[in-house]
Amino acid sequence: MKANPQRPSWDDYFMGITTLVARRSTCLRRAVGAIIVKDKRILSTGYNGAPGGVRHCREVGCLRERLQVPSGQRHELCRGIHAEQNAIIQAAYHGVSIRGASLYCTNQPCSICAKMIINAGIREIFFQAAYADPMAAEMLAEAGIPATQLHPSHEEASR
């Protein structure tokens with residue numbers, strides 16, 4: 001049997017799934033997806049949106065947009081939960097240990113998510129797009145958690 005030249009690397013595979021997860025987002029400003037992986041197995045997924053049973057921003061509008069709050073500021077004004085938070089919460093809800101796992105995310109985590117990632121025992125982060133939150137990068141570096149920006153592979157970029 002001949003090898004498949006289109007077979008993605010593990011990073012491309014997981015980031016591709018993360019991008020698909022982001023399509024479930026109900027945020028009006030930015031669709032973000034996250035997956036938690038250990039031993040090449042997906043443990044949990046999350047996307048940004050309002051908590052279960054609460055109307056989504058697509059239904060009620062975005063308060064941060066109305067107030068013209070810049071990206072990365074005043075997170076407490078958002079009805080949504082970040083993708084990384086949802087992935088961590090889903091793992092806890094279903095009793096899945098994520099200690100020592102890797103996080104793949106479409107966007108670099110913010111400082112709120114960084115704190116959760118550190119305390120959840122996640123050991124490394126891979127992300128696609130940067131996010132303007134230097135405090136998050138500083139805390140992750142101090143905690144010894146590498147955060148690596150992945151760029152689409154040649155094969156992914158040509159699709």
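Keep in mind that what you see is a predicted model, and the values were worked out from it rather than measured.
For the side chain to side chain donor-acceptor pair (under 3.5 Å) condition, the pairs that include at least one residue of residues 28-38, sequence neighbours left out, are Arg29-Glu65, Arg30-Ser71. Within the structure, salt bridge (Lys or Arg N to Asp or Glu O under 4.0 Å) contacts touching residues 102-126 (residues at least two apart or in different chains) do not occur. Screening residues 88-111 for ring-ring contact (aromatic ring centres under 6.0 Å, His included), with sequence neighbours left out, gives Phe14-Tyr104, Tyr104-Phe126.
For the pair Pro8 and Asp12, the tightest heavy-atom approach, listed with the atom from each and the gap, is CB-CB, 3.8 Å.
Under a hydrophobic clustering in which Ile, Leu, Val, Met, Phe, Trp and Tyr are joined whenever their side-chain heavy atoms come within less than 4.5 Å, directly or via other members, Leu43 and Ile117 fall into the same cluster. Both Val96 and Met116 are part of a single hydrophobic cluster, where members link through side-chain heavy atoms under 4.5 Å apart. In the hydrophobic cluster analysis, where Ile, Leu, Val, Met, Phe, Trp and Tyr join through side-chain heavy atoms closer than 4.5 angstrom, Trp10 is grouped together with Val21. When hydrophobic clusters are built by joining Ile, Leu, Val, Met, Phe, Trp and Tyr residues whose side-chain heavy atoms come closer than 4.5 Å, directly or via intermediates, Ile36 is not grouped with Ile17.
Under the rule for a side chain to side chain donor-acceptor pair (under 3.5 Å), Ser97 has no partner lying at least two apart in sequence or in another chain. The side-chain contact (heavy atoms from CB on, under 4.5 Å) check on Glu142 picks up nothing, with sequence neighbours excluded. Applying the side-chain contact (heavy atoms from CB on, under 4.5 Å) rule to Leu28 yields the partners Cys57, Arg58, Cys62; only residues at least two apart in sequence or on another chain are considered. For Tyr47, the ring pair (Phe, Tyr, Trp, His ring centres under 6.0 Å) criterion is met by no residue, not counting sequence neighbours. Judged as a side-chain contact (heavy atoms from CB on, under 4.5 Å), and not counting sequence neighbours, Ala92 has no contacts.
Counting only distance, with no hydrogens or angles, the side chain of Gln90 and the backbone of Ala87 share no donor-acceptor pair below 3.5 Å. Under a 3.5 Å cut-off, the side chain of Thr26 and the backbone N or O of His56 do not form any donor-acceptor pair. Looking at Asn48, its side chain never comes within 3.5 Å of a backbone N or O of Ala31 through a donor-acceptor pair.
In this structure the side chain of Ile88 never reaches within 4.5 angstrom of the side chain of Gln85, judged on heavy atoms. Looking only at side-chain heavy atoms (C-beta outward), Met15 and Gln128 come within less than 4.5 Å of each other. When side chains are defined from C-beta on, Ile145 counts as touching Ile118, because their heavy atoms get closer than 4.5 Å.
Distance CG/Asp11 to OG/Ser102: 8.5 Å, rounded to 0.5 Å.
Cluster note: Ile81 groups with Ile89 through ILVMFWY side-chain heavy atoms spaced under 4.5 Å, whether in direct contact or through intervening members.
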Pair Ile125-Thr148, side chain to side chain contact (heavy atoms under 4.5 Å, CB included): steps then yes or no: CA-CA 6 Å; Ile125 300 166; Thr148 305; over 6 Å; no

Give the intermediate values and the outcome of side chain to side chain contact (heavy atoms under 4.5 Å, CB included) for residues Ile98 and Ile122. CA-CA 7 Å; Ile98 57 174; Ile122 290 172; 4.2 Å; yes

Let me have the donor-acceptor pairs involving side chains of residues 105-114, under 3.5 Å, with sequence neighbours excluded, atom names and distances please.
| from | atom 1 | to | atom 2 | distance (Å) |
| --- | --- | --- | --- | --- |
| Thr106 | OG1 | Gly33 | N | 3.1 |
| Gln108 | OE1 | Tyr131 | N | 3.2 |
| Ser111 | OG | Asp133 | OD2 | 3.2 |

